[in-house]
Engineer: 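Below: one structure in structure tokens.
Counting starts at 1 for both ligands and their atoms, in listed order. Predicted model, so just to flag it, every value in this text is computed and none were measured.
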Amino acid sequence: MNFTADRLLLFGATGDLSQRMLLPSLCALDADGLLGPHVRIIGTARSEFSDGEFRNFARAALEKFLPADRRGSMASFLNRLSYQKLDATTLDGFDDLAVKVGKPEHGLAIFLSTAPSLFEPTIAGLQHAGLATGNVRIGLEKPLGTDLASSREINDAVASAFSESRIYRIDHYLGKETVQNLLALRFANILFEPLWNAAHIDHVQITVAETVGLEGRVAFYDDAGAIRDMVQNHMLQLLALVAMEPPGSFDATSVRDEKVKVLRSLREVEIGETVTGQYRAGAISGKAVPGYDEELEKASNTETFVAIKAHVDNWRWKGVPFYLRTGKRLPERVTEIVVQFRRVPHSIFAGPKSKGGGAKMIPNRLVIGIQPKENISLSLMAKVPGLDRDGIRLRSVPLDIAMPDAFTGTHNRIAYERLLLDLIEGDQTLFVRRDEVEAQWEWIDGIRALWAEQGLEPKTYTAGSWGPSAAIALAERDGVTWHE
Ligand code: BG6
């Protein structure tokens, strides 16, 4: 159903995500005049807060996490906020919550950012209080389960109250401008698509490197590990966007139909195609940091790094490996996609008859920087200027586009700004459909089962390094070097 909600109900309103991302995003949208004048935001969580106290809490979060030049009139934003305490594990408080939300004129958008164990009781409470009717849609923040079975359980519970067209599963990577730009790069240019296949691409690398460690999320992270925290969602979404066929149009059904086909074509990973690691004490940017076991204060088998050689088994990608790696406490924060093209089929510059003198050819490479640098760099071979008495010399030179320079005057937006606005206005294109999530879990479960079967333990790596040396070997065995 098409409606722009005039109520937004935030579960987990006092949590970390709310403070760092959701409240700042909503305030920034308000500052830009993108929230309708009647939109009211109701926060709910376990804490005891009056409306005024919640507004003060929100003000503190905005002052901490939203740059001053994006805050607009904070007072008018804070006026939109109200609060209702709720213990979501029982039905008792939901009627009061419904009273607080009031009757939306156009519709209600709910954002659920709570522990997954609260999903089912929350859905039951919403249904009980009449907050799951046709003019209500719901956004679900990850983690959506810990494996295929538990994610199905959550999906079933949500589906019992909301139709799929009213369910918005969030993967905040899809809210990033540079991630959406992948679609523009591929499908708004004639240049790449004819070459975007196994005949012309040697391999793809996707790196999501972080310098942070546990960040206080001890229990959650130790249960999840890098594969469930990052690969199952963000990295597989990036892979799907790189590998998908051109959709018929930029709408929710067409885009998600194509992504799910890729996710379903992922080949089961074999022994030797994954490497896991766990960081030990080291240094990042010259600052000493403790090891994972020290932060956790116990020994653990959880991987803080994973590298995978993945394959998409379809015509387009036959024989093209996708090397994925992600980890905590790596030397720099960088998310990038590297598309390594093949060599030219024949070099006119090689061989004894050639004036090339055997000039070395370096295959073209496209590097798409997602963060922190938002740039696209295409390496091209060019002639080194000169009279070539000893033969022509060639060099690989980059054709660089720095997105912020190309689009000066635009905001650097928080990914959740886009996602919250789409949730309020009802556009599912950048949200993950049930079949996608389940295809993602199926593949991840296969890898985890293999690890369990093999009794695989993460190899240690020093914080500030690029992971265990086995991860380097994983690529180098195929003659591939990770892009750094
Ligand atoms: C989250 C993970 O989904 O993504 C975190 O749970 C991770 O562990 C974060 O740090 C990374 O997001 P971003 O936008 O900083 O790359």
Engineer: Decide, yes or no, whether a salt bridge links Asp16 with Arg217 under the criterion of side-chain N to carboxylate O below 4.0 Å.
Structural biologist: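 Salt bridge between Asp16 and Arg217, a charged N being under 4.0 Å from a carboxylate O: no.
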Engineer: Can you tell me the protein heavy atom closest to atom 15 (O) of ligand 1 and the distance?
Structural biologist: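 Answer for atom 15 (O) of ligand 1: Arg333 NH2, 3.2 Å.
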Engineer: So, Glu295 and Lys328, do they make that salt bridge, N to O below 4.0 Å?
Structural biologist: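 No, Glu295 and Lys328 are not salt-bridged.
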Engineer: If you count the atoms of ligand 1 from 1 in the order shown, which ones are under 4.0 Å from a heavy atom of His234?
Structural biologist: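 Heavy-atom distances to His234 below 4.0 Å select 1 (C), 3 (O), 4 (O).
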Engineer: Is Glu215 close to ligand 1, meaning an N/O of one under 3.5 Å from an N/O of the other?
Structural biologist: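 No, there is no polar N/O contact under 3.5 Å.
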Engineer: What residue and atom, counting heavy atoms only, is the protein's closest point to atom 14 (O) of ligand 1, and at what distance?
Structural biologist: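 Its nearest protein heavy-atom neighbour is Lys176 NZ, 2.6 Å.
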Engineer: Thinking salt bridges, do Glu417 and Arg70 make one under a 4.0 Å N-O criterion?
Structural biologist: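 Looking at Arg70 together with Glu417, the answer is yes, because their closest N to O distance falls below 4.0 Å.
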Engineer: For atom 11 (C) of ligand 1, grab the closest protein heavy atom and report residue, atom and distance to one decimal in Å.
Structural biologist: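 The protein heavy atom lying closest is Glu210 OE2, 3.5 Å.
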Engineer: Return the OH to NZ distance between Tyr292 and Lys298, rounded to the nearest 0.5 Å.
Structural biologist: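 The NZ atom of Lys298 is 8.0 Å from OH of Tyr292, to the nearest 0.5 Å.
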Engineer: Hey, which atoms in ligand 1 end up nearer than 4.0 Å to a heavy atom of Lys142?
Structural biologist: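 Listed by number with element, the hits are 1 (C), 2 (C), 3 (O), 6 (O).
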Engineer: So, 4.0 Å and heavy atoms of Tyr173: is ligand 1 close enough to count as a contact?
Structural biologist: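 Distance cut 4.0 Å: Tyr173 passes for ligand 1.
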Engineer: Could you list which atoms of ligand 1 come closer than 4.0 Å to a heavy atom of Asp229?
Structural biologist: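 It comes down to these atoms of ligand 1: 2 (C), 5 (C), 6 (O), 8 (O).
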Engineer: What protein heavy atom is closest to atom 12 (O) of ligand 1, reported as residue, atom name and distance in Å?
Structural biologist: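 Nearest neighbour among protein heavy atoms for atom 12 (O) of ligand 1, to 0.1 Å: His172 NE2, 3.1 Å.
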